[in-house]
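Some notes on the structure that comes next.
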Amino acid sequence: MTIQRQYVLPNCSLVLEGLSADASNVLSILANAEFKIVGLEKPLAGGSEFFRALVDAIGAYCQRLLSGLDHPDHISSQSSLVSVEPDEGQYHRLLIKPDVLEDLADSSEKSAPQTIRLSTVQLFDMAEAIDQFHADAQTLPDFSVNLAPLPRKYVRASEPLAQRAIPPLLGFGTLAVAALGLFFLPVPELVEPEALEQQTTSALEETLGNEPATDNPDETEPEAAENAAAGSEAEATESSPLINTAITDSTQLEALQQQVQQQLSSSSVGSEDSPFEQPLRYQISVAENGDIVGYNPLDEVSLENIDTTPLPSLTYIPVNNAAVGPMAQFDVTFVPDGTVEVVSDQVVTPTAVPPATVNPDAEASESIESVTPESITPEVESSDAAGEKVVPSEASGEGADTTEEASTASQTNADAADSDIKTSATAGKLENFIATPIRDVDRIYELNQGLRRTIIDNRDSDWSGPDIRYRVRLDEEGNITGYEADDAAAEQYADELKFSNLVKTVPAENPQLDFLVVISAANVVEVNPWDGWP
Amino acid sequence: MTVKSPPEKSIKSPILDKLPNYGIQSDECPRRAKTQLDFIMLAVEALELNASQVMLTAIRDLGLQDVLKSRVHLWRLRSTNPLRKFNQRQPLTLEEAKALVLVVCYLCRKLTVLIRQLFLGYQQLQDQQLSLDHHFRLAKYLKRFRSHFRARMNPKRAMVLAYSTDEKLDELALSLLTQLLLCTGTRGEERLWASLFDGEVS
């Protein structure tokens, strides 16, 4: 008995005809399937093979509409009987091979598949008819309609492999090209910084058995240290005419010349029985007030015999290099018989100074040529040997700090060249170097704070005046082991601060550190490590 | 406080068992599924004026309150869409996704007539080669969808950037309308559910 099932939808109806295998009313053997689509003249009819293919293709295509990913079941291929493709807009193309269609099976045009244009709603109605048939337990219960997610293997990568490979390849390529390019570049040469060179020089001095040089590379070091290195070869303090403007006024030059002449003559009295045979010649720089701020031996003999001249002891290294005003340059000649000749580079002196042994011009040019490595050694490393802080002696008479104390110091220094290191610093003078500086940052911070507190406690709360500066040396316990005032005003005020009472004598080997104390006009106390924070 | 009854067991709504797990190991939905679900719901909102209220009613009707607890929870689940401006970096569990699928299909069925009308109109416009503006209802749907999309999606995302023009958004809206139509079918839930994992199962 033939059983017919009909599923009717607005745009399409599906009619299934078949037989029941047993007495029940279940359609189990499909004989014919027929889709009647509204707007299509002929119904699509076929056997079970056609129906199977149509169900699979339409089901898969619906999933494609939902997920946007092509399913293999609806894509047209050699083997597929039915396939569905998207068409323009909301239309879809249903492609059916003519073999499976009943009415076309025996027609001549077998090769070309039949194309049916379906709107989305028509397609949906077909799918819906299939779904309704699937839901109907009375029709073809063994006929399953697949509905499963698309396995991963069917998903084509959105970008082809070649395109995905481009970025990493490009990266590696660039790296390779860069490496190749850099390979041909020379290895940069190591340029040793100057500071390092200086340190090696001072280290050399140490090995020569001299007093260890200060490891402070700060060229602004204002104080000269106690001279303990007799015969050191690196004593020449570089004349620094380049930094400062030269004195050009001829009358001033003459005055200076005389002043220096007197100064040197009076000092060199002690060395009358001179051990040198040849005249010693030096180029010296003199500040406006007559201080000798630098000297430069002009030949080997002069360099060797520098200690027999009063120059090292008379040289005054200013507290603040930058503050030194204009300078004048003179050529000094120490004659073995004890006389001293001072010749200006710029002025032909009308005074009674004996004529210069050498033509000044020649000498000047010679001075340039004869600059030995030692002579250009910066003052830092030689500062240990350059003599104690020297103020102009009474003869010069002009120095602001021509104190009795200082001049005595300068005199003692002349013969104290070989003396031992002083064990403690006294007020007004500080050893230039510290044997073992304090390096611990926390400790320095504490010392800094402690010193500041001490000064704030001691200061005169009503004080006002110009900025004053001190250099104060502390040991590890915070005791003041020495201090030095920057100028006269500072020295006066130092008494009020009771620095002298605070100073304790401590062996020089103890760790110490210098601090810069500034009391500003507004009576604000600032304390910082002398060499800056480590 | 004394508790007299044993703690409530979370009973899984049997309606969710209609949708198989397809052997997916993790409990989290893939990224594309989150996006697709949210987009479909966006399309529903563009069709239905009072969509959020209707959704809550649908949840009650389907008995899914255990899974979709509240309006805020629903919003948070939708915000798992990585393209959203206020993306919640949270997983969307399979159970929650199933519930959302059921709700969407439930709403779609209620909108069947409207969706078919829109398609009829779309077909007529295309046959007469008229622009989409000529169908009042369809144009309204597209406009609402565009504004919803632009208000909620993060314009910095590359995928969202691809929809920067009106035409592109209209295309998306129409393809979503097709999806809604498919959801109205007898096996709509299963089809939508299966499509969420296309290309994600081994």
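Heavy atoms only: backbone and side chains are in, while hydrogens, waters and symmetry mates are out. Labels below follow one simple rule: chain letters A, B, ... track the order of the sequence lines, proteins then strands, and each chain is numbered from 1.
- In Arg76(B), the CZ atom is not crowded: 12 or fewer heavy atoms of neighbouring residues, nucleotides or ligands sit closer than 6.0 Å.
- For Tyr22(B), the OH atom counts as densely surrounded, since its 6.0 Å shell holds more than 12 non-hydrogen atoms of other residues, nucleotides or ligands.
- Residue Glu49(A) places its CD atom among 12 or fewer non-hydrogen atoms of other residues, nucleotides or ligands, all under 6.0 Å distant.
- The interface of residues 167-186 of chain B with chain A, defined by heavy-atom distances below 4.5 Å, comprises Thr178(B), Gln179(B), Leu181(B), Leu182(B), Thr184(B), Gly185(B), Thr186(B).
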- request: Show your working on side chain to side chain contact (heavy atoms under 4.5 Å, CB included) between Arg64(A) and Ser195(B) and close with a plain yes or no.
  value: CA-CA 8 Å; Arg64(A) 183 209 177 275; Ser195(B) 80; over 6 Å; no

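- Residue Thr120(A) touches chain B through both its backbone and its side chain, counting heavy-atom pairs closer than 4.5 Å.
- Residues of residues 187-194 of chain B that come closer than 4.5 Å to chain A, counting heavy atoms only, are Arg187(B), Glu190(B), Arg191(B), Leu192(B), Ala194(B), ordered by residue number.
- Heavy-atom pairs under 4.5 Å with chain B peak, among His134(A), Gln90(A), Gln63(A), at Gln90(A).
- Heavy-atom pairs under 4.5 Å with chain B peak, among Gly68(A), Ala127(A), Gly59(A), at Gly59(A).
- Contacts with chain A (heavy atom to heavy atom, under 4.5 Å) involve these residues of residues 107-134 of chain B, listed by number: Arg116(B), Phe119(B), Tyr122(B), Gln123(B), Gln126(B), Asp127(B).
- Nearest approach of Pro149(A) to Phe197(B), heavy atoms of both residues: CB-O, 3.4 Å.
- When side chains are defined from C-beta on, Asp198(B) counts as touching His71(A), because their heavy atoms get closer than 4.5 Å.
- Applying the side-chain contact (heavy atoms from CB on, under 4.5 Å) criterion to Pro155(B), with sequence neighbours excluded, gives Lys85(B).
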